[in-house]
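Only one structure is covered here, and it is reproduced in the block below.
Letters A, B, ... mirror the listed sequences (proteins, then strands); counts begin at 1. Predicted, not measured: the structure shown is a model, and the values here were computed from it.
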Amino acid sequence: MIAAYVARRLALAGVMLFGLVCLTFVIANVAPSDPAALAAGPDAGRSQIEQARRDYGLDKPLHEQFLRYVGDLAQGEFGRSVATGRSVGRDLARYFPATLELCLVAMSIGLVVGIPLGMLSALFKDRWLDHVTRIFAVSGIALPPFWFGLLLQLGFATWLGWLPTSGRLGVATEPPEPITGMLLLDSLLRGDAALFWESAGYIILPALVLSLPCLASILRVNRSEMVECLRADYITAARAHGTVPWRLVAVHALKNAMLPTLAIIGLRWGWMMSSTVLVETVFDWPGTGLYAVSSAIAGDFKPVMGVTLIVGLNFMLANLVVDLLYGVLDPRLRDA
Amino acid sequence: MNTTRRGILAGAALLAPWQAMGFEREGGRKVLVFSGNQAVPVLDPHVRYDWSTRMIQQGVYDALLKYVGDPPRIVPWLAERYEASADGLTYTFHLAANATFHNGDAVDAEAVRFSFERGLKLNAGIAWMLKDFLKPEKIVAVDARTVRFTLERPFAPFISYVPWWYIVNPKQVLANVSEGDYGRKWLTENAAGSGPFKLRRFDGNSLIHMDTHAAYWKGWPMGEANRLAGAIFRIVREAAPRRAGLQRREIDVITNMSPDDMEQLAKLPGIRNEDHAGFTTFGIKFNCQTGPTADVNLRKAIAHAMDYDALIAIHNGGARLMDSPFPPGMESHISVPGIPRKDLDKAKQYLARSRFPNGDIELEYVHVQGLEDPRRIGLALLDSLRPLNIRLNIVGQPWTTMVARGSKAETAPNMTSVYVTPVGTDPDTVAYQYHRESWGLYYGMSHYENPEVWRMIGEARGMVDKPARLAMYAEIQRRIVADQPEIFGMIPNRTWAMRDYVKGFQFSPIRFTGEVDLYPMWIEA
Amino acid sequence: MSPGSDGRSADRRGELNQPREALLAIDDYRLAFDSFDGTAQVLDGVSLRLAAGETLGIVGETGCGKSVLARSLLRLNPAPPARVVSGSIRFEGTDILTLSEREMRRLRGRRIAMVFQDPVSYLNPLLAIGTQMEDALRGQHQAAGEPQPSRAEARARAAALLASVGLAEPARLLDSHPHQLSGGMRQRVLIAMALAGNPALLVADEPTTALDVTVQAQVLALIAGLVRDRWLALLLISHDLGVIAASCARVAVMYAGTIVEEAATATLLREPRHPYAQGLLAAVPDLDRPEHRPRGIAGSIPNLLRPPTGCRFHPRCERATERCRVEKPLLREVGPAHNVACHHA
Amino acid sequence: MMGRRTRLALWQLRRSFSSMLGLGLVAGIVLLALLGPWIVPYPDDVAGAVNISGKLKPPSATHWFGTDEVGNDILTRVIIGARLSLLVGVGITLAAACIGVPLGILAGTAGGVVREAVMRVTDLFLSVPGLVLAIALVAALGPGIVNAMVALVLVWWPGYVRLAEAKALSLREEPFIEAARVAGASRFRILWRHVLPNSLSPIIVKMSMDVGQAILAVASLGFLGLGAKPPTPEWGAMISIARGYLPDWWWYAICPGAFIYASVLGFNLLGDGLRDILDPRSNRG
Amino acid sequence: MTALLRASGLAKTYALPRTAFQPARQLQAVAGVDLLLEAGGTLGLVGESGCGKSTLARLLLRLTPASAGRIVFAGQDITAMPEATLRPLRRRLQLVHQNPGAALDPRLTVAQAVSEPLVIQRLARGADLRDRVAALLAEVGLGAEFLGRFPHELSGGQKQRVCIARALAPEPSLLVLDEPTSALDVSVQAQMLDMLAELRERRGLAYLFISHNLAVVRQVCAEVAVMYLGRIVEQGSAEQVFGAPRHPYTRALLASVPRLGGAPPATAPGEPPNPAAPPPGCPFHPRCTMAQPACREGVPPALVNGLACPVSGAG
């Protein structure tokens, strides 16, 4: 049953991805730009530009280019970047793990801090802890990540010198050959503690900035759900029956509050992937966000399309996972 | 596994490692760390060049000749010497006997022939330099150490381009051909050269690590004892961390810093700034065919309203105003008398003579998106044009869009700000931008029209008689200035900041903005 | 200021005391709810006695405060907005209003247990029945400072409890979730949980309102059997006189936060004395006597933010006089164990 | 005489510190936007007066927040920037709501093919990484505040479809809608008279929050160099430029960022407060 | 008397949503129901929750399309009538909801709510409209001071009165009352029952009265149909059904009602089954004390002479 459901959802995701492809293709081609000029290089003459146009298939009519792009995608090829001439698929394979690592760490921060804080805030509703937490939560959503990132760089890197400013590893450290491409994981797999700590030092600030809106959302939803759940009849009943308070909060109420929290986690995951664009730009984090921005600004659209697809797919998968987790958490969804 | 820093890191988790460390070491030798903002997506020397790419290419490859010094000179390199025929059609190069590729293969005439053929046939990157004058079949390996090029017609700048045609090892390339791509795919991230450095690790977006080639056929100028272990090119897109890295001695040389940053860096102990006039010119191209700027008087009015001092001020003094379409230092450059400087009265006189005597027009000023200096110059221009009652619409656009618009006079913006770096020292490199054939290319966005000038440009590039050629170029410069197809702006200085233990830095204006020749550099400590 | 304030009601308390030692004694209990609109006098001087093994029904309409009263016995009303104004609730001799939360936890489930109205919302939808029961059992032991039974022990006891409320296959039930159970089974589970600590007093707040009539009959029969077998004191809250008549020996009628009449069930049904109680009885349609036309009570229940002065029923009362408007009537005995709060009864 | 609801709303608002803070911040920003041109110390600096010699001055009595890279007073430009940000924030939100709400209500009440079509397209847009799409679009259309707004509206409207659809779906089951159908009300009448007014509360709450988020989004595009054209003062673009002057001229980045933060915070807190009043049961991240 | 509303073979099947963990399933809410209501007649529909009585009401009102069967109202087949054609007929067929709080648009005043049907059906406008609304309110015992009030300012009983006034506004000939008093207190319920009786007399209305409260149905209705799991199991005059119930379910139902002063209610075993998974054969057989082996298989027994139980009917 679950397998069939997953298959159906994946099929739906496929349809959605096709929609995404169409959308990005349209956007990429509305502009009066000449990618061939970019491909051929700045000093190229007409003959070289025409050569590049042929090389990249840009001389074909749009619908043919579209069909070719879709065909390439079906084979897992994302086309070539006109700015660099490199395969977008290979670039993505290189950048995506970095972004994924960043997002995973940020999401972990969001969960580890957001959920307990939301719980505490609900328990101490309308007390000072709650007020502070709520302002903090709204701030998390209101702080411009690019600005906050700059401030953190200024404070922790430039003035205090505790943490590195940007990048993924020190200039002197040679990045190891990727296993998963996620440095923290790779260094653990290799048992390289020094590398682990170094990459941890580099990921802290960007992950913190990235996690803040997500943390805030989780906190807010978790708080208000906890408030609702703590008021729920079944909590009153469990109290009346003598259940221990901590279990009441941490199991009985939290489990129920986790359902909407889960939904927001799914949403925020997608959102987070999108805001890596800003955070990666600020922290010079070599991931898909930076890749998309620099390509977009250069007018190089194949990478942008590739990133959009990857991030969109990721979002759809995340939603699928959330739906499945819903089933794990909520027995009502499992059977009649 | 690399190196000292990691060991320390293992001990002190977060606090220690970003404190001052000193340069990188590997064994007893030092590693030079250079950092800039621009990636190296494709290393293939026949496909792509820009400053960062060419810096690495220059490291791992050799060419027949090499540019050195300021003013730039062309010196023999793989070729010990060359001869040109009197008609300017045939060039014969004699190769050094001891040159070898990194894998030990000799750099022979066939390698040279193959490399030029490859460059021409791929028709990308450097191809434009020689494509119209040299056919692949006219390159002949006379013997193992002699190559002869026969041009289609005389082309004076030929020699000035040869230093950019790097020689690849045909055996390696042919061994790695896929789908008849001339090894293009493989050379994107691999090297098959004979240069002073061997590629150790290539990650074009973050880090390129090269080892010095101990057995480099040309030897090492600083002596074997001081030879580096290698050089690392770190791509750090943001200026602040580059600067921080330099201050913390994680990086030895940085470039692409703003003039303001450079000013601050100059004050720091242990850091030395290199600040030199290059060849890169900044101009604001008028659309000479369509729109208000087709009116030469308006162009002159604008050129006289421009606040040239602001151009210098924006660079904190680190720039020179152009006094000719040609950069100073280029062969045949003259200081053209009467090149516009700020003079509001003159500007108003010209405006009065134009089709817009009262101004009241809005002009579009396009610059490449994300470039800071052209944006600020736009602001300065906007301010300068206010007395003429001309409004300025400052637009940053992606390169692709800008080029697409500039390809036709109908769509080209009124004004486009462009940096142009001449690739060779021959005056034709710059002059040809004003030829009809350059219309629509980014440096030809002004769609400048003057058949007499075109004729002279065309004639000069084939002239063998040097004094006559120089005179011709002097005249060309005067005429172009008179037509004012652009605001001749300034030549920004090229700047690097480096630790003072970095030695052997040699500037040459012919290189691109941040590009340095890593070969002679070493660390003294 | 109502004339029936503390001093005088204290005088009367003596008369009300039953000879039997009361398990539960509520005296002049006043509870207010604070809100934006002001303070609602939700309970206004409630006094009740309940002896061990006794069954008492509280009947009243929406908003009369009967559920709030029931929750007060376990101190489950959220505070704020709830606020005790005065009075005491003595259970087995101690005033539970003065207990700490920790001490209160010792009572919950073990001495006083509660059955709620809607079994759907009072069971945690995400936790297995077994988990909820084990948590309750272990929690009761923990609160009492006794060693907690192991999960397995707790589970075994939970299964036994389920069996004792007439549920088949208790072991399988423990692993199921609330949504897999029918309404009647859920209410049985809740009753089983209430019985877990062997309480002396069972408070049932509209235990059958959400159930269908055939199931209601089953649950009422179950409660009656448990009360009999375990010698439980039962406080049954309902709006349905029929339900109370089927379960309780004694009944108290509540109106707008006050008890207006208290009597043996049969007595009240036969000869209600308070005009409200009379009205209530007259309003109930009788299935077996279709010719009897139910009569409504004119007007509607008062706004407790601004309760009527004097007798809270007086605006709807046909017999109301000036005295009713001014003076709050206190409960007084009008027959054997029959108390009425009306100047005219 | 105010109704009880209004008084209750005001009471709730007053009681909540955070809502009052939000109200204060929003009022402040609106005031600055309205009075901007009359109160700024250097009105000329708005339109791109260049004074290179006075560039990058630290905060002082004459320039409270220093000067920027062409010598303009930062405070002046930030204050004038409030107008643009506010206008853009409100504009994007209104446009997105105007597209999304009718579609959502239509989808929620129509059902069938219409609903499927609308919701699938909505899902498509929702699954797109919003900022990435906006960046691509602005990069394609060319930077400029109007293009930025178009791009953001394009990624913003689906949120309203979702909200309005969910609300309409739940309303569709409401007995009072059924009652209207029994009375013979046409579909349009039900939509217009019953569904729309009853869906407004959460939409208003979302809009008030979205104004803040839209300000942030435009600033983000500005930061990436895709926002307003120079010399228009725009907060995000200012930070983008200021970044090049970190860390020595750090004050340059502080001021515009603080204003973005304050205004987004203001609208979010206000929205939070409004939600407590208008739509207490809902829950959004 | 003439048949005002006739339903034959009416059925409604819902598709339950498919989730990650469940296949698509169907729920038969109403199965093969025949009904006849005469002008001015009163039919009570009783049954426990989930038996399909509210769905049946919605089917009859064409608020949800029927899966099978026919509905004829006032001589016209409305089963598949387009909404536009149906609209004028709607005024004669009105509904009063169970929960008066939810049946009023919270944003409309009492006057707006009551006038809506009149406006829609173009029955009145301007001053006439105002007068008629006031008259309707007076008819349900509410004064003119209520005109400008919003639902949240009313008590439950008052809201229900507004709902009734609204239902009366287009002068219907049939009122479907879906548990009209179950959300009300007993003292208010009595007032409401009184008023309903009075209205019927005065206006000659027919009532389809749906309730789980048998005593109330007995008060209001002359005819009674008992539903169990989507089917009518017994139908007849109130006297017959309540006085001499024939179907085992009807008997169990009546015996379960707690009586004032009477003996404790008798209990029937078990609970109504899940409509998504009904038992085969007679749906009541798992709880029936009289069940025969034949009851446990085959199709559910049909309603013959107002009784769907061959066993009990035979005996």
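In terms of heavy-atom proximity, Glu116(E) sits nearest to Ala180(D) at OE1-CB, 4.2 Å. For Ala183(D) against Ile120(E), the heavy-atom pair with the smallest separation is O-CG2, 3.7 Å. Of all heavy-atom pairs between Pro175(D) and Ala103(E), the closest is CB-CA, 3.8 Å.
Among residue pairs with one or both ends in residues 102-130 of chain D, those qualifying as ring pair (Phe, Tyr, Trp, His ring centres under 6.0 Å) are Phe125(D)-Trp157(D); sequence neighbours excluded. Sorted by first then second residue, the salt bridge (charged side-chain N to carboxylate O under 4.0 Å, His left out) pairs that include residues 119-135 of chain E, not counting sequence neighbours, are Arg132(E)-Glu171(E).
Heavy atoms closer than 4.5 Å to chain E are found in both the backbone and the side chain of Arg181(D).
Heavy-atom neighbours of chain D within the stretch residues 88-97 of chain E, taken at a separation under 4.5 angstrom, comprise Arg90(E), Leu93(E), Gln94(E), Leu95(E), His97(E). Of residues 62-84 of chain E, those residues with a non-hydrogen atom less than 4.5 Å from any non-hydrogen atom of chain D are, in numerical order, Arg62(E), Leu63(E).
Looking only at heavy-atom pairs under 4.5 Å with chain D, the residue among Leu86(E), Val119(E), Leu104(E), Leu61(E) that has the most is Leu104(E). The residue among Glu178(D), Arg189(D), Glu174(D), Arg193(D) with the most heavy atom pairs within less than 4.5 Å of chain E is Glu178(D).
Remark: Arg6(E) CZ is loosely packed, at most 12 non-hydrogen atoms of other residues, nucleotides or ligands lying under 6.0 Å away.
Taking 4.5 Å as the limit, every side-chain heavy atom of Phe176(D) sits out of range of all side-chain heavy atoms of Pro151(E).
Rounding to the nearest 0.5 angstrom, the gap separating the CG atom in Leu108(E) from the CG atom in Asn198(D) is 7.5 Å.
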